[in-house]
Number of protein chains: 2
Amino acid sequence: MSVTIRDVAKRAGVPLRATVSKVLNGRLGVRKATREKVLQAARELGYIPDFSARSLVTKRTRTLGFLVHARHTLSPHAFYGEVLSAAEQEARKHQYHFLFATFNQGDEAVPLTLLQEQRVEGLILAGCDIPRSLIVQLKHGGVPLVLVDNHVPGVHSVVIDNEGGAYEATSHLIRLGYTKIGFLCEWLDDLSFSERFAGYKRALHDHGLPFRPELVAEGEPRTPGSGHIAAQRLLDQGPPGSGRCGQRPHRNPGHANLSGGWPGRAHRHCRGWVR
Amino acid sequence: MSVTIRDVAKRAGVPLRATVSKVLNGRLGVRKATREKVLQAARELGYIPDFSARSLVTKRTRTLGFLVHARHTLSPHAFYGEVLSAAEQEARKHQYHFLFATFNQGDEAVPLTLLQEQRVEGLILAGCDIPRSLIVQLKHGGVPLVLVDNHVPGVHSVVIDNEGGAYEATSHLIRLGYTKIGFLCEWLDDLSFSERFAGYKRALHDHGLPFRPELVAEGEPRTPGSGHIAAQRLLDQGPPGSGRCGQRPHRNPGHANLSGGWPGRAHRHCRGWVR
DNA sequence: TTGAAAGCGTTACCAC
DNA sequence: GTGGTAACGCTTTCAA
């Protein structure tokens with residue numbers, strides 16, 4: 001069987017496992033000589049404390065949960081894999097680990113169970129597909145929570161600078177000398193797209209270019225082929241001012257999800273377009 | 001604090017926590033009436049067994065480790081995120097979870113620690129960047145192991161059907177009527193590319209087309225721009241039979257890594273090429 | 001500083 | 001079937 005704290009104590013010649021525990025956890029109250037003996041014995045035996053036993057008593061797991069909607073991780077365009085990877089590398093510096101779980105429709109209980117089992121100390125929820133009700137519930141339960149690519153008032157979140165990004169992209173095209181720059185997106189009611197739309201318009205304005213509603217086209221909400229559809233609509237352009245263009249007000253800007261249903265693809269579908 | 005098995009026992013009116021444990025784990029040896037009482041009490045209290053306590057005694061964590069080289073997960077072209085996601089969804093059906101960890105140079109101890117801490121019961125190692133020595137060591141340690149996109153004799157592994165895929169791709173082009181089909185790859189000494197090369201040649205042969213060495217070009221091993229380089233070389237074609245073409249023998253086919261250093265990009269760089 | 005003992009929340013193993 | 005008890009491996013507390 002694997003080596004336990006008993007074995008270390010015995011080998012070090014100290015009668016008590018408590019002493020070993022103290023030494024290995026860097027607590028004081030142990031004579032230097034004793035400490036050395038213990039350290040050496042542990043090294044020789046290749047002792048690694050049992051995770052379950054330790055966390056049973058300390059009530060800490062140094063583990064975080066990472067949740068993504070199953071729909072996204074399967075898409076090669078989703079960037080949540082990169083987020084997870086980077087988060088893990090940062091967490092490791094603090095001796096934290098990540099439990100990964102996909103979020104499937106109807107699995108609302110899973111994250112809660114992870115918490116109640118005392119497996120994880122906090123959660124990162126990636127994507128805007130995690131039900132808002134669940135997020136609110138977790139938040140109320142006092143669970144340390146961070147959202148990625150999503151936003152709920154009062155919850156920590158990491159989001160994309162949509163406005164700034166669109167501003168930069170548009171400015172770049174303008175600097176290259178283009179003056180007729182279109183704007184494609186899934187649908188303007190989505191907060192993330194409306195933010196980009198704002199950045200697009202601000203850039204036009206700052207560079208003294210007119211905003212032309214006929215150069216704006218929406219595709220279909222939460223549809224993979226949406227960018228194509230939008231482009232098609234722009235190319236098949238009817239008379240300016242038709243319903244699909246321009247500055248219509250957002251129905252529920254406060255409640256719209258950040259970055260729509262296809263966040264990983266957003267940067268491909270929502271871009272400056274040059275004619 | 002959270003609700004423990006004691007609370008359930010008390011509420012159910014049974015004097016023993018052991019009984020509760022039995023019921024909740026579906027063991028027999030409990031009268032139906034008692035069982036009902038326990039079940040109801042557990043439901044009412046929202047009881048979830050503590051993970052650490054449970055695994056301390058059972059010695060099981062129902063948790064698997066998923067390791068990928070840090071270099072890969074950061075690349076949007078790597079498909080390991082999809083592998084992880086799919087693996088997790090399958091594992092969940094069996095009530096298993098995944099601990100995710102990136103593998104960093106010099107972190108050889110990490111997977112071993114995870115094992116010794118009794119945190120994970122087995123490991124999935126994705127990519128060909130995990131040191132072979134580590135794999136062999138784990139294997140000898142009796143750790144349940146599965147490699148993805150990598151191969152070591154005697155270790156379970158999931159690999160791409162390189163030969164078959166290239167055969168299909170080439171056949172497809174032939175069926176479309178093309179007869180002058182090129183083959184680009186990073187370098188032929190790599191097992192995965194040489195397998196694809198074999199499939200390519202087999203398809204040509206099966207369809208009665210000649211193999212023309214001047215249509216084969218290598219790029220640079222383990223270089224992101226490799227496909228471009230190979231294409232350039234093919235286009236700048238010198239006289240047939242120059243060193244970069246054809247059927248030279250593989251130095252160490254048995255020891256070559258599967259699918260080179262850029263597995264996620266392989267399908268983009270190594271393809272049938274039509275002129 | 002060191003020694004002894006209690007306890008974390010579960011499951012497993014006994015007798016009854 | 002049912003009930004009690006021991007044990008898992010560790011940390012913590014409290015006397016000595």
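Just so we're on the same page: letters track the sequence lines, and every chain starts at 1.
Put simply, CZ on B/Arg54 and OG1 on B/Thr61 are 12.0 Å apart, with the number rounded to the nearest 0.5 Å.
Nearest heavy-atom pair, B/Tyr47 versus B/Thr4, reported as atom, atom and distance to 0.1 Å: CE1-C, 3.5 Å.
Atom NE2 of B/His140 has 12 or fewer heavy atoms from other residues, nucleotides or ligands within 6.0 Å.
For the pair A/Asp50 CG and D/dT11 C1', the computed distance is 13 Å after rounding to whole Å. Whole-Å rounding puts the B/Arg62 CZ to C/dT11 P distance at 13 Å. If you measure from atom CG of A/Asp7 to atom P of D/dC10, you get 9 Å, rounded to the nearest angstrom. In this entry the distance linking CD1 of B/Ile5 with P of C/dT10 reads 5 Å, nearest Å. The interatomic distance linking A/Gln116 (CD) with C/dT10 (C1') rounds to 17 Å, in whole Å. If you take NZ of B/Lys59 and C1' of C/dG9, they are 14 Å apart, rounded to a whole angstrom. As rounded to whole Å, 7 Å separates atom P of C/dC8 from atom CZ of B/Arg6.
Residues forming a side-chain hydrogen bond (donor to acceptor under 3.5 Å, both in side chains) with B/Gln95 (at least two apart in sequence, or on another chain): none.
End-to-end axis angle of the helix from C/dT1-D/dA16 to C/dC16-D/dG1, using five pairs per end and rounding to 10°, comes to 40°.
For B/Tyr96 and B/Glu88, the side-chain atoms include no donor-acceptor pair closer than 3.5 Å.
Within residues 11-31 of chain A, the residues that place at least one heavy atom under 4.0 Å from DNA chain D are, in residue-number order, A/Arg17, A/Ala18, A/Ser21, A/Asn25, A/Arg27. The stretch residues 37-48 of chain A comes close to DNA chain D through A/Tyr47, each having a heavy atom under 4.0 Å from the strand.
Counting heavy atoms from C-beta on, the side chains of B/Leu114 and B/Leu99 come closer than 4.5 Å. Contact annotation: the side chain of B/Val30 never approaches that of B/Leu28 to less than 4.5 Å [non-hydrogen atoms, C-beta and beyond]. Looking at A/Lys22 and A/Arg35, their side chains never come closer than 4.5 Å, going by heavy atoms from C-beta outward. Side-chain contact between B/Leu147 and B/Val158 is absent, with no heavy-atom pair separated by less than 4.5 Å.
Put simply, B/Thr34 has a side-chain N or O that comes within less than 4.0 Å of OP1 or OP2 on D/dT2. Phosphate proximity of C/dG9 to B/Arg54: absent, as no side-chain N or O sits under 4.0 Å from OP1 or OP2.
Listed by first and then second residue, the salt bridge (charged side-chain N to carboxylate O under 4.0 Å, His left out) pairs involving residues 98-110 of chain B are A/Arg92-B/Asp107 (not counting sequence neighbours). Note on residues 10-21 of chain B: pairs passing salt bridge (charged side-chain N to carboxylate O under 4.0 Å, His left out), not counting sequence neighbours, are B/Arg11-B/Glu44.
Listed candidates were D/dT11, C/dT10, C/dG9. Nearest to the side chain of A/Leu56 is C/dG9.
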